[in-house]
Each structure stands twice: as structure tokens, then as C-alpha cells.
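Following: one structure in C-alpha cells, then a few remarks.
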Amino acid sequence: MRYDLIIFDNDGVLVDSEPISNRHLAAYLTELGHPTSYEDSIRDYMGSAMHRIHDLVLERTGRRLPDDFDDVFHARVFAAFERELKPVPGAGGVLEKLTADGVPFCVASSGSHERIRVGHRTTGLDRWFDERRVFSSQDVGRGKPAPDLFLYAAERMGVAPERCLVVEDSPLGVQAAVAAGMDVYGFTAMTPAAKLAQANQLFSTMGELADLLV
């Protein structure tokens, strides 16, 4: 193994949450008078921390989102997670392999700690992640594409950035990993490969990732 730590993004990499989340985000923004299609949401907000959604809407429209936007959005998404959320196919197998091989791993997500926990509990992936392995954009001042979250995760896990590999599915996440001085593998299941061109490797299934991690 070339790396001392594997840092996983969460949404779209471990849990298949991006279709659910972006469907509800597009609907809620449209409801609030900011017409947004599902495709718009994927393009503009996939991989973003919540503050970036607020910033982009304000920048584009001059209008602020409601103070309770985050709470209402999360309530809708979490309810949908409980009904619909599944793990990304093969994600559990990759985590099992890393555990068997003794390779440390963690998750570093733009989502809140609550969102991460709801997703892991619903999909059964919580067995792989105790609190010491879960990092959120809530823990740092700036979310992706800033490198802060990945650097924070590496520091807390006691591994130098150059010995870390990030697994990401969003352009913002790939940018953040590169800025952190880490290698990054880009997951193309939902994102066109061209948008992840900065990644060191691209893969389209978790089976491919398992082979790359040998």
C-alpha cells in the first residue's frame, strides 16, 4: 500500500445520497423562488458545504435564503434518507478489505456530522466509522474546494498529507485534495470524467477502486 491513510468523501462515494439530496435541494430552491433543476443542482452544488449554497444564491440573486433554510432542507433530506438511502454498491467491501489489510481510513465530508451519521446508520456503514474517523466541514472554517477539511482529517489521524489518498466524486473535492497536497482518485459514477481530470486516477465502480488500492 502506497498510502498510510485513505480519506473518503461521503455523499456519492460511501452512501448513494447525491440523487436524493440534489432532488430535494432543487425542489426547495425552486419553491423559494430560485428556479433550479436537478441538473443545475448537481452542477452547482454537488460536494458543497451548506454555506456555499447560501453564498451562490446571494451572489446570483441578491437575496438571502431564509434563516431556517438549513434546518428545513435537512429535515426533508433526512426523512428521505430513512426511506430511500442505500450504500454505494461495493463500498462496504472496500472498507472490509482496508480493515483486513490494516490500512487506516476515515471520512471527510462537506455534510454536517448529523447528516453523516444519519446516512451511515441508515445504510449500516456506521460499523466502520467511530467518532474518531468522522470529519465534517463543520470542523473547519472553510469547506471544499479549500484544503482545510482534508488537512484537518490528516492531522487528527496523525498522517502527513503526502501519505494520504482522497477518494472523491465531485470537482470541488478533487480541487480540495490537490490543494492539500494529497493524491486523489476520482469516482465517475455520477460525474463526467472530464470534470475530475485533476485526479491521479479515475474509476467508475468500487470494484475498480479495490483493485487500485492493492
Side-chain angles (χ1 to χ4, degrees), residues 7-88 91 106-126 128-150 152-153 156 168-173 175-176 190-191:
I7 304 176
F8 290 94
D9 177 43
N10 189 56
D11 294 293
V13 171
L14 296 176
V15 296
D16 194 16
S17 54
E18 293 291 7
I20 299 170
S21 180
N22 283 282
R23 187 173 72 244
H24 283 274
L25 179 58
Y28 189 26
L29 288 173
T30 300
E31 178 185 318
L32 292 172
H34 305 288
T36 305
S37 69
Y38 172 78
E39 292 75 18
D40 293 336
S41 184
I42 290 287
R43 181 193 65 224
D44 294 340
Y45 303 120
M46 183 171 158
S48 297
M50 291 300 294
H51 69 78
R52 187 169 186 271
I53 300 172
H54 288 263
D55 292 346
L56 279 179
V57 170
L58 179 60
E59 177 185 317
R60 291 172 175 177
T61 70
R63 295 163 51 201
R64 296 186 182 278
L65 292 171
D67 291 341
D68 64 350
F69 178 86
D70 292 13
D71 291 338
V72 173
F73 172 65
H74 283 135
R76 295 180 182 187
V77 169
F78 293 169
F81 280 3
E82 297 286 356
R83 296 190 304 267
E84 306 172 43
L85 189 63
K86 304 293 183 186
V88 168
C106 65
V107 62
S109 171
S110 292
S112 67
H113 278 281
E114 184 182 14
R115 178 186 174 113
I116 297 166
R117 281 298 171 210
V118 169
H120 286 185
R121 185 181 69 248
T122 303
T123 58
L125 293 182
D126 55 343
W128 305 109
F129 294 98
D130 60 32
E131 292 296 334
R132 295 169 295 177
R133 294 189 185 194
V134 176
F135 305 101
S136 160
S137 62
Q138 290 180 312
D139 300 326
V140 295
R142 299 180 300 167
K144 306 169 190 179
D148 304 36
L149 176 56
F150 290 141
Y152 176 74
R156 290 293 301 271
E168 264 287 354
D169 70 329
S170 75
L172 293 176
Q175 291 173 43
M190 281 192 62
T191 307

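In this chain, numbering begins with 1 at the start of the sequence shown.
Note: Ile53 CD1 to Tyr28 OH = 11.5 Å, rounded to the nearest 0.5 Å. The CG atom of Leu58 sits 10.5 Å away from atom CZ of Arg63, with the distance rounded to the nearest 0.5 Å. Distance check, rounded to the nearest 0.5 Å: CG of Leu85 to OG1 of Thr122 gives 6.0 Å. For the atom pair CD (Glu39) and CG (Asp44), the distance works out to 11.5 Å, reported to the nearest 0.5 Å. Taking CZ of Arg76 as the start and CG of Leu25 as the end, the distance is 10.5 Å to the nearest 0.5 Å. Here the straight-line distance linking atom CD of Glu18 with atom OG1 of Thr191 works out to 8.0 Å at 0.5 Å rounding.
A perpendicular orientation is assigned to the rings of Phe135 and Tyr152, their planes being inclined by more than 60° (bins at 30° and 60°). Note: Phe78 and Phe81 have tilted aromatic rings, judged against thresholds of 30 and 60 degrees for the angle between ring planes.
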Quiz item: Please walk me through it: do Ser41 and Leu29 pass side chain to side chain contact (heavy atoms under 4.5 Å, CB included)?
Solution: CA-CA 9 Å; Ser41 184; Leu29 288 173; 5.8 Å; no
Exercise. Go through the steps for Ser21 and Tyr45 under the test side chain to side chain contact (heavy atoms under 4.5 Å, CB included), then give the verdict.
Key: CA-CA 10 Å; Ser21 180; Tyr45 303 120; over 6 Å; no
Exercise. For Val107 and Arg133, run side chain to side chain contact (heavy atoms under 4.5 Å, CB included): C-alpha distance rounded to whole Å, both residues' side-chain angles, the deciding distance at 0.1 Å, then the answer.
Key: CA-CA 6 Å; Val107 62; Arg133 294 189 185 194; 5.8 Å; no
Exercise. List the steps and the verdict of side chain to side chain contact (heavy atoms under 4.5 Å, CB included) for Ile7 and Glu168.
Key: CA-CA 9 Å; Ile7 304 176; Glu168 264 287 354; over 6 Å; no
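Across every non-hydrogen atom of Ser137 and Ser110, the tightest pair is OG-O, 2.7 Å. Nearest heavy atom pair, residue Pro147 against residue Arg142, reads CD-NH2, 4.4 Å. The two atoms that bring Pro66 and His54 nearest to each other are O-CE1, 4.3 Å, heavy atoms only. Contact between Ser136 and Ile116 at its shortest, heavy atoms only, is CB-CD1, 4.1 Å. Here the closest non-hydrogen pair linking Ile20 and Ala80 is CG2-CB, 3.6 Å. In plain terms, the two heavy atoms of Pro87 and Thr123 that are nearest each other are N-CG2, 3.5 Å.
Between the side chain of His74 and the main chain of Asp70, a donor-acceptor pair closer than 3.5 Å is present. Of the possible polar contacts, one joining the Thr30 side chain to the Thr36 backbone as a donor-acceptor pair under 3.5 Å is found.
Partners of His113 according to the ring-ring contact (aromatic ring centres under 6.0 Å, His included) rule, which considers only residues two or more places apart in sequence or in another chain, do not exist here. Scored by the side-chain hydrogen bond (donor to acceptor under 3.5 Å, both in side chains) test, Asp16 finds no partners at all (sequence neighbours excluded). Partners of Asp11 according to the side-chain hydrogen bond (donor to acceptor under 3.5 Å, both in side chains) rule, which considers only residues two or more places apart in sequence or in another chain, are Ser17, Arg115.
In summary, Arg23 and Glu84 engage in a salt bridge, as defined by a charged side-chain N under 4.0 Å from a carboxylate O. Between Arg43 and Asp40 there is a salt bridge, with a side-chain nitrogen of the basic residue lying less than 4.0 Å from a carboxylate oxygen of the acidic one. Between Lys144 and Asp9 there is a salt bridge, with a side-chain nitrogen of the basic residue lying less than 4.0 Å from a carboxylate oxygen of the acidic one. Salt-bridge formation is detected for the pair Arg121/Glu82: a Lys NZ or Arg NE/NH1/NH2 atom is positioned less than 4.0 Å from an Asp or Glu carboxylate oxygen.
Around the CZ atom of Arg132, the shell of radius 6.0 Å holds no more than 12 heavy atoms that belong to other residues, nucleotides or ligands. Around CZ of Arg64, the count of heavy atoms belonging to other residues, nucleotides or ligands within 6.0 Å does not exceed 12. The environment of CG in Asp68 is crowded: more than 12 heavy-atom neighbours from other residues, nucleotides or ligands sit within 6.0 Å.
The side-chain heavy atoms of Arg156 and Asp139, taken from C-beta on, include no pair separated by under 4.5 Å. Side-chain contact between His34 and Leu65 is present, with heavy atoms from C-beta onward closer than 4.5 Å.
Judged by distance alone, the side chains of Asn10 and Ser109 never bring a donor and an acceptor atom under 3.5 Å apart.
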